[in-house]
J.: 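One structure is given below, represented as structure tokens, and several questions about it will come after.
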Amino acid sequence: MNTASSSNRILIFDTTLRDGEQSPGCSMSPQQKLVMARALAELGVDMIETGFPASSQSDREATAMIASELRNTGLCVLSRCLPGDIETSARALENAVKPRIHLFLSTSPLHREHKLRMSKEQILESINKHVTLARRYINDIEFSTEDATRTEDDFLAEAVMVAIAAGATTINLPDTLGYTTPNEMRNLFERLIATVPGARNVVFSAHCHNDLGLAAANSLAAIEGGARQIECTINGIGERAGNCALEELVMALKVRHPYYEIDTGINSQRLVQTSQLLTRLTGMMVQRNKAIVGANAFAHESGIHQHGMLRNRNTYEIMNPEDVGWAASQMVLGRHSGRAAVEHRLRALGYLLGEEELNLVFTQFKDLCETQRVVNDSDLQALMQGPSESEGYRLASMFVGDGGQNQRASARVELSDPEGQHVSETAEGDGPVDALFSALSAATGVELVLDSYQVHSVGVGADARGEANLSVRYQGVEYEGSGVSQDIIEASALAWLDVANRLLRQRGNAGKAAAVTA
Ligand code: KIV
Ligand code: ZN
């Protein structure tokens, strides 16, 4: 009986700080890595790959800082098959309570010939030599056959056999290019675990990249084939299209537990906050429709879905948002929403309407959806209060200067106020956007503390335009605004005014005198 590969507990090896961090736009300072490592430990991962110490001073520092603080989570570092790398790795892990060195060497013909220029014999010799050397420093050694899934079957088996014989305790078979498919992955693990001498005494691990969008599916297939460690990252960050997303793997195992019968040590209720922490640290946004942690993962807009959800949430949800760290499901009111959802939201806001009144408000709601993508609570309240006397503040013109070297950025805005009067203000700030928002705030008397601010381009080429979206929270209600313009800074100003006008409408007072602070 194979003890490691038949266990029903899987090890979660998190490589957010190594494979994730080495991808474009995701680099972190040692201090940021420490903050993230604490969150990963709280989340319950079994092993954190802290970096590649031989590659940078920053990775050495981060590893040493994390090692001297985290006592209960395994800590691992990546190392090439080079004596110098191994020594540097061992030194970086000096204070770790549960240290591991992760050695890797490519085995595929493409990598042997074009990257390493090494023969098969030289590869096997190097594996033997460096795993043996690493074992002199640390007992827990993982060996990865890089590009395993494009390696000849028999040579891969030989490489794994040599690594095990030299003392590797974990064998990782990476799908480095995200090339394989679930069936192939499952067969690969089954075959190697069944045939390689010593395989039953080590833990087999999968490390799947997402080039074909199959990383989570391939990782699950590897588990079915006997893998008992999965390498993954928060939000799926990593080289190119990323790695298997930890949150997807963990929730697939949890939601489909009757099928897989596999447990992890992850506290799934911390998934969203860990994801959001990573976004804050790296600035790398998560797409709205990203499984589990994307803003739309538990948002429902279509009338049919909302109706079903209101009767029984299981109709359109396979897991509870609370189980992954969201406060609740979200019923997004928009063009596709039906009367039931509008009535439900109005009730929650305290409006109990009769049939006729509801019909009228629903018609107004549908009209509003023609000009607005999302209708939020403040919009509904405005509908219930009747037509507003004013359309709010409008941007007439703006000028923003970045200030140049050693000077603060400045902005001047000219607006027409709710009464059609001309107002203009100038302000300085830490950057152009900060200066712009300060000028708008001075001109309107509205102070917004932003929950989120995002800009992205819509369309391509000469037609491309910038869209800015921002949200604020005011008295427990979230207000969102958006603006589109050929100029991203102007789009930001429009989005800011959009939110400010909603807030002012909500207050039933579009005048400057009554200051609103969100
Ligand atoms: O993708 C890969 O092959 C890797 C190895 C270094 C494990 O990241
Ligand atoms: Zn990788």
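Atoms within each ligand, like the ligands themselves, are counted from 1 in listed order.
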J.: Report yes if D147 has an N/O atom closer than 3.5 Å to an N/O atom of ligand 1; otherwise report no.
T.: no
J.: Students should be able to answer this: which protein heavy-atom is nearest to atom 4 (C) of ligand 1, and at what distance?
T.: H207 NE2, 3.4 Å
J.: Verify the distance criterion only: is there a donor paired with an acceptor across the side chains of Y259 and E224 at less than 3.5 Å?
T.: yes
J.: Give yes if a backbone or side-chain nitrogen or oxygen of S144 is under 3.5 Å from a nitrogen or oxygen of ligand 1, and no if not.
T.: no
J.: Hydrogens and angles aside, do D175 and T149 bring a side-chain donor and acceptor to less than 3.5 Å of each other?
T.: yes
J.: In H209, the N, O or S atom nearest to the Zn ion (ligand 2) is which?
T.: NE2
J.: Do any N or O atoms from the side chain of S337 and from the backbone of G334 form a donor-acceptor pair under 3.5 angstrom?
T.: yes
J.: Do the side-chain N and O atoms of N235 and S275 include a donor-acceptor pair separated by under 3.5 angstrom?
T.: yes
J.: Give a yes-or-no answer on whether the side chains of D14 and T16 include a donor-acceptor pair shorter than 3.5 Å.
T.: yes
J.: Which ligand 1 atoms, with their elements, are less than 4.0 angstrom from a heavy-atom of H209?
T.: 1 (O)
J.: Ignoring angles and geometry beyond distance, decide whether E146 reaches within less than 3.5 Å of ligand 1 through its nitrogen or oxygen atoms.
T.: no
J.: Do the side-chain N and O atoms of E317 and S329 include a donor-acceptor pair separated by under 3.5 angstrom?
T.: yes
J.: When you measure from atom 3 (O) of ligand 1 to every protein heavy atom, which one gives the shortest distance, and what is it?
T.: T176 OG1, 2.6 Å
J.: Test of geometry: compute the angle NE2(H207)-the Zn ion (ligand 2)-OD2(D19) and round it to 10°.
T.: 90°
J.: Taking atom types as modelled, is there a side-chain donor on T145 or T107 under 3.5 Å from an acceptor on the other?
T.: no
J.: Heavy atom under 4.0 Å from ligand 1: found in H102's side chain, backbone, both, or neither?
T.: side chain
J.: Can a non-hydrogen atom of E231 be found less than 4.0 Å from any atom of ligand 1?
T.: no
J.: Got an N, O or S from E239 under 2.8 Å of the Zn ion (ligand 2)?
T.: no
J.: Check each of R80, R91, R60 against D85 using the salt bridge (charged side-chain N to carboxylate O under 4.0 Å, His left out) test, and report the only one that passes.
T.: R80
J.: Quick check on R18 - does any of its heavy atoms sit under 4.0 Å from an atom of ligand 1?
T.: yes
